[in-house]
Amino acid sequence: MTMKSVLYSIQPWHVANILSGDKELEIRLRIPNLTPPYKAYIYCTMGGAKKPADYLYISSDGKPVFGSPENKAHCNGKVIAEFVCDYTKDFLWVENEYPYKGGEYVISDDELERTCLTYQQLCDYGGQRDLHGIHISELKVYDEPQPLSRYMRCKYPWDCGACDEFNGLDMVCKRKIRPPQSWCYVEELPL
């Protein structure tokens, strides 16, 4: 069986940190049922997209910059890069012992720095639930952002044959996809 890839929806300011090389760990509440290494695609969400600072571009020297929405070359709403997730790491929420109430995440300072989040942002996002870090390696930024129509959403993480069996009738897998809330299994369609 061949394995599928994963399409991650990531907010523009986090994408900028990934492209600059500062963010090496993407934090998620849920992760795909795949054993690393696996291929993953980065879909840059629309974000707020209400003011010029919300639109992400890749400059001619390959650096992420924010600018005006008049230029149609922005990355928002497009697949802009791919990477290999070579490992994942769980960050557990551990309750404190009596007499202290509350808890904390088991994460080192180095790991937290590689997420480009503050500890408070991590706590706010996690809400006392266990979190998972997806390690980003072998990042490849596309010369031209790709539309979602280049990908087919798959229901299962393995090659189930349903796409061939149903001849693309969208009964199991979807040829026309919307951006996932967090992530989804995908296959890249041939040009």
Side-chain angles (χ1 to χ4, degrees), residues 1-21 23-49 54-59 62-66 69 71-88 116 125 132-191:
M1 282 187 208
T2 60
M3 297 301 280
K4 305 292 183 188
S5 299
V6 176
L7 176 72
Y8 287 103
S9 287
I10 303 177
Q11 296 174 345
W13 47 92
H14 293 304
V15 171
N17 285 330
I18 291 169
L19 298 181
S20 68
K23 184 177 181 76
E24 297 174 9
L25 282 173
E26 173 65 14
I27 299 296
R28 296 292 165 133
L29 289 168
R30 288 184 329 106
I31 58 174
N33 186 20
L34 294 175
T35 302
Y38 62 84
K39 186 177 187 177
Y41 299 97
I42 296 174
Y43 170 81
C44 181
T45 68
M46 291 302 292
D54 293 332
Y55 289 87
L56 178 65
Y57 298 87
I58 300 170
S59 67
K63 294 189 180 358
V65 293
F66 287 90
N71 182 344
K72 300 292 185 212
H74 62 79
C75 299
N76 302 58
K78 298 175 185 131
V79 179
I80 63 145
E82 63 185 59
F83 67 91
V84 172
C85 171
D86 56 349
Y87 72 87
T88 61
C116 287
Y125 176 70
H132 311 280
I134 298 154
H135 186 253
I136 298 166
S137 68
E138 300 179 40
L139 180 68
K140 176 184 169 192
V141 180
Y142 299 145
D143 292 333
E144 259 185 63
Q146 304 294 311
L148 277 177
S149 60
R150 289 278 322 274
Y151 304 88
M152 178 174 62
R153 185 178 193 139
C154 302
K155 185 174 181 178
Y156 304 108
W158 60 86
D159 185 8
C160 63
C163 301
D164 295 332
E165 182 180 336
F166 294 115
N167 200 16
L169 296 177
D170 290 348
M171 297 178 83
V172 175
C173 299
K174 306 290 182 194
R175 294 202 183 271
K176 293 181 181 175
I177 66 172
R178 290 179 286 170
Q181 182 69 28
S182 179
W183 58 267
C184 67
Y185 299 114
V186 294
E187 275 191 11
E188 187 173 3
L189 297 171
L191 290 174

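Note that this is a predicted model, so its numbers are computed, not measured.
The nearest pair of heavy atoms linking Arg178 to Leu148 is C-CD1, 3.9 Å. Among all heavy-atom pairs drawn from Val6 and Trp183, the shortest one is CG1-CB, 3.9 Å.
Here Pro64 pairs with Ala16, Leu19, Ser20, Leu56 under the side chain to side chain contact (heavy atoms under 4.5 Å, CB included) rule; sequence neighbours left out. Under the side chain to side chain contact (heavy atoms under 4.5 Å, CB included) criterion, Pro37 pairs with Val84, sequence neighbours left out. For Tyr87, the ring pair (Phe, Tyr, Trp, His ring centres under 6.0 Å) test picks out His135, with sequence neighbours left out. For Tyr43, the side-chain hydrogen bond (donor to acceptor under 3.5 Å, both in side chains) criterion is met by no residue, not counting sequence neighbours. Under the side chain to side chain contact (heavy atoms under 4.5 Å, CB included) criterion, Cys116 pairs with Asn17, Asp22, Lys23, not counting sequence neighbours. Applying the ring pair (Phe, Tyr, Trp, His ring centres under 6.0 Å) criterion to Tyr41, with sequence neighbours excluded, gives Tyr151. Remark: His14 engages no residue in a side-chain hydrogen bond (donor to acceptor under 3.5 Å, both in side chains) (not counting sequence neighbours).
To the nearest 0.5 angstrom, Lys78 atom NZ is 8.5 Å from Met46 atom CE. With values rounded to the nearest 0.5 angstrom, Ile18 atom CD1 is found 9.5 Å from Cys44 atom SG. Atom SG of Cys85 is separated from atom CD1 of Ile31 by 7.5 Å, given to the nearest 0.5 angstrom.
Counting only residues at least two apart or in different chains, salt bridge (Lys or Arg N to Asp or Glu O under 4.0 Å) contacts with residues 134-147 are absent. The salt bridge (Lys or Arg N to Asp or Glu O under 4.0 Å) analysis of residues 33-42, with sequence neighbours excluded, yields the pairs Lys39-Glu82. For residues 28-37, the set of pairs meeting the salt bridge (Lys or Arg N to Asp or Glu O under 4.0 Å) definition, not counting sequence neighbours, comprises Glu26-Arg28.
Listed for the Tyr55 side chain is no donor-acceptor partner under 3.5 Å among the backbone atoms of Pro12. No side-chain donor-acceptor contact under 3.5 Å links Thr45 to the backbone of Ser9.
Residues Asp86 and Pro36 form no side-chain contact, since every pair of their non-hydrogen atoms from C-beta on lies 4.5 Å or further apart. Taking the side chain as every heavy atom from C-beta outward, Ile42 and Leu139 approach each other to under 4.5 Å. Tyr185 has its side chain out of reach of Pro180: every pair of non-hydrogen atoms, C-beta onward, lies at least 4.5 Å apart.
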- prompt: Given Phe83 and Ile134, is the side chain to side chain contact (heavy atoms under 4.5 Å, CB included) satisfied, shown in steps?
  reply: CA-CA 11 Å; Phe83 67 91; Ile134 298 154; 4.1 Å; yes
